[in-house]
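Just the heavy atoms: all of them, side chains too, but no hydrogens, waters or symmetry mates, feed the values below. Heads up: numbering here begins at 1 and tracks the sequence. Both ligands and their constituent atoms are indexed starting at 1 by order of listing.
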Amino acid sequence: MLDVAPPTLHTRLRDWVMEVAALAQPEQIRWCEGSAEEFEELLELLVDAGTCEPLNPELRPQSYLVRSDPADVARLEDRTFICSQFEDDAGPTNNWREPDEMREALRTLFDGSMRGRTMYVIPFSMGPLGSPHARVGVEITDSAYVAVSMAIMTRVGRGALDALGTDGEFVPCVHSVGVPLVDGVKDTPWPCHPASVHIAHFPETREIWSYGSGYGGNAMLGKKSFALRIASVIARDEGWLAEHMLLLRLTSPEGVVKHIAAAFPSACGKTNLAMLVPTVPGWRVETIGDDIAWMQFGDDGRLYAINPEAGFFGVCPGTSELTNSNAMAAIRSHAIFTNCARTDAGDVWWEGMTAEVPDHLIDWRGKDWTPSSKTPAAHPNARFTVAARQDPAIASEWEDPAGVPIDAILFGGRRSTLEPLIREAFDWRHGVFLGATVASEMTAAAIGTVGRLRRDPFAMLPFCGYNMGDYFAYWLRIASERDVAKLPRIFYVNWFRKGDDGHSLWPGFGDNSRVLKWVFRRCEDAADALYTPIGWLPTTEALDTDGLDISADDLEELLRVDLHEWHDELGSLHEHFATFGHRLPAELAAQLEALAERLGA
Ligand code: OXD
Ligand code: MN
């Protein structure tokens, strides 16, 4: 094995790297430094291997298209495990495995799994270097695609090693595509081992091991695995919050700033909201983050958030100049596209990108495609990977080491009925109840049946690294331990309600600024609201609909609280809460009872 001198004196890190190398037996070890030269070199390797295809530099400079193996296109929740010592600590929403058993299985899988390959060692920081909120991880991977993705999505290299010093804490993350190059096995553009995928998390020892998939959150272990599953455990133990939330900065025409965090399930438009271009004159939205927020209480009692990531891994289909012009600007160059279609001119294309559909494309599987084809040209979960700094709406504070103070937290999901456009929680505890009951109709990006309602508490269902009942209790405890006057106000939004005939009642996208404006004004105690059994709703006058083409009927329907429908919802809520058994906090059961009472049930 070709070895190089490790660029660190951190003994535990060096020993661990050698241990993994002894197990996986790579041909060589390469420590990543996160430089531009290294990035270029890895991309060249990927082009030579047929993994990446350069796009036409005149149309999409310094950008690449990648086609994954068709069997490896999404996060795999049923292959994701929480290996806590006790099953009850993983809770009913996670796949649990006994840690020793999982270690044994992983030892067998990783034994020689990197033979014939380069083992990349990637020290990375989640959070701005120098921020007291930042944490270091080290990912070992045998995929150059993962190495370049990590270089975009996190802060890789010297800075992370310096932050570690000689004995700092790091989260070890080990990843292998699971295809050793031995016995004449030839490499393929997207090596993977779909039959044996394991994405295993050990919350007590704070380790991550992932085998068999090269895709997204299965393989870029800084994102969902570290920044949510492991970080949620660290946060619980240390008194902070690691959440599946976008972060945005909202400025009013008077120049007053508020920061909003929002948790929506996957594929409900977090990236679009984080990059929104307001239609309400004089208002401005800037992006802090589009997927994950780490939040801590400051000495002043307020909640401060950082975006631990450095890039966006956004869904392409549906992204266009109309729906998200900032994302379109961000990916004009220096972007990696995975599972998009390619135009004859050498650019990318996906469903919803342009009104006009090209006559001919090469689809995400590499096959000819025309508008009469029966399958989509881009995979529904096709993604762009791009540095956050390329977003024209990125806030200059996005890397503020202290984080930004949060004024409001939004929960929400995709529901064609029942849920009004917006409601405000009565208080923090009621807000936790709203978070605990988040539900969304499923789309292609998540697993499961399209259209079926899935409860996704706090949008953390696939990402909470411990028992979700305990997680609810932890959120509730904040109300008794903190000055509630300084806590963010909590809201619940639904951009997706439909009329009886199936038409969308709300235009969404830039017009969501109208809802943000109401949220902002509520935080200033300067907007009217109506008391209803499910929370405070805007009066029709309090919601700014100037210049919006919406009928009075549709507006009324958007804000209608149908007591009968809500009454019917109670059964589903009871069933949902029952899954948490004795770990459901009594406070949440009481909240449900109180809702039933307010509904007259
Ligand atoms: C994501 C997800 O990719 O939540 O961000 O699935
Ligand atoms: Mn997400």
Side-chain angles (χ1 to χ4, degrees), residues 66 68 72-80 93-94 126 146 149-150 152-154 197 199 210 213-232 241-248 261-275 287-294 305 307-319 324 327 330-331 336-340 350 378-386 388 391 409-414 435 438-448 450 454-465:
V66 179
S68 81
D72 193 19
V73 295
R75 265 192 307 105
L76 292 168
E77 292 178 11
D78 56 343
R79 304 303 307 160
T80 299
T93 58
N94 283 311
M126 297 309 289
V146 170
S149 301
M150 286 293 287
I152 296 173
M153 296 301 296
T154 74
V197 171
I199 304 131
S210 169
S213 166
Y215 198 88
N218 304 330
M220 290 185 247
L221 299 180
K223 194 175 179 64
K224 305 299 190 181
S225 284
F226 176 2
L228 290 175
R229 297 193 190 98
I230 293 296
S232 61
L241 298 162
E243 301 298 330
H244 189 205
M245 292 180 180
L246 68 86
L247 291 167
L248 66 84
F264 309 151
S266 305
C268 286
K270 288 214 306 294
T271 305
N272 292 341
L273 188 65
M275 298 183 186
T287 320
I288 308 277
D290 82 327
D291 196 42
I292 299 175
W294 282 1
N307 169 11
E309 300 191 277
F312 306 122
F313 182 64
V315 176
C316 292
T319 304
N324 193 338
I331 58 181
I336 295 177
F337 298 90
T338 304
N339 289 340
C340 297
W350 49 78
H379 187 277
N381 191 34
R383 299 280 179 144
F384 57 78
T385 311
V386 76
D391 168 13
I409 293 173
L410 314 186
F411 294 113
R414 178 187 294 272
V438 167
S440 198
E441 287 152 16
M442 289 197 288
T443 66
I447 54 162
V450 172
R454 158 161 135 147
R455 292 277 164 203
D456 187 350
F458 287 74
M460 283 287 277
L461 185 80
F463 307 125
C464 183

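Only the side chain of Arg383 comes within contact range of ligand 1, with a heavy atom under 4.0 Å; no backbone atom does. When non-hydrogen atoms are compared, ligand 1 lies under 4.0 Å from neither the backbone nor the side chain of Phe264.
When the Mn ion (ligand 2) is compared with the N/O/S atoms of Asp291, atom OD1 turns out nearest. The Mn ion (ligand 2) lies closest to atom NE2 when only the N/O/S atoms of His244 are considered.
Of all atoms in ligand 1, numbered sequentially from 1 with element shown, those under 4.0 Å from a heavy atom of Arg75 are 2 (C), 4 (O), 6 (O). Atoms of ligand 1 lying under 4.0 Å from any heavy atom of His244, numbered from 1 in the order shown and given with element: 4 (O). Less than 4.0 angstrom separates some heavy atom of Asp291 from each of these atoms of ligand 1: 5 (O).
No side-chain donor-acceptor contact under 3.5 Å links Asn272 to the backbone of Asn324. A donor-acceptor contact shorter than 3.5 Å links the side chain of Thr287 to the backbone of Ala274. The backbone N or O of Gly217 sits nowhere less than 3.5 Å from a side-chain atom of Arg75 that would complete a donor-acceptor pair.
In terms of the side chain to side chain contact (heavy atoms under 4.5 Å, CB included) criterion, residue partners of Asn94 (sequence neighbours excluded) are, by chain and number, Ile82, Ala90. Scored by the ring pair (Phe, Tyr, Trp, His ring centres under 6.0 Å) test, Phe463 finds His244 as partners (sequence neighbours excluded).
No side-chain donor-acceptor contact under 3.5 Å links Ser440 and Asp456. Side-chain N/O atoms of Asp72 and Ser213 include a donor and acceptor closer than 3.5 Å.
Heavy-atom distances between Lys270 and ligand 1 stay at or above 4.0 Å for every pair.
With 2.8 Å as the limit, Lys270 does not count as an N, O or S neighbour of the Mn ion (ligand 2).
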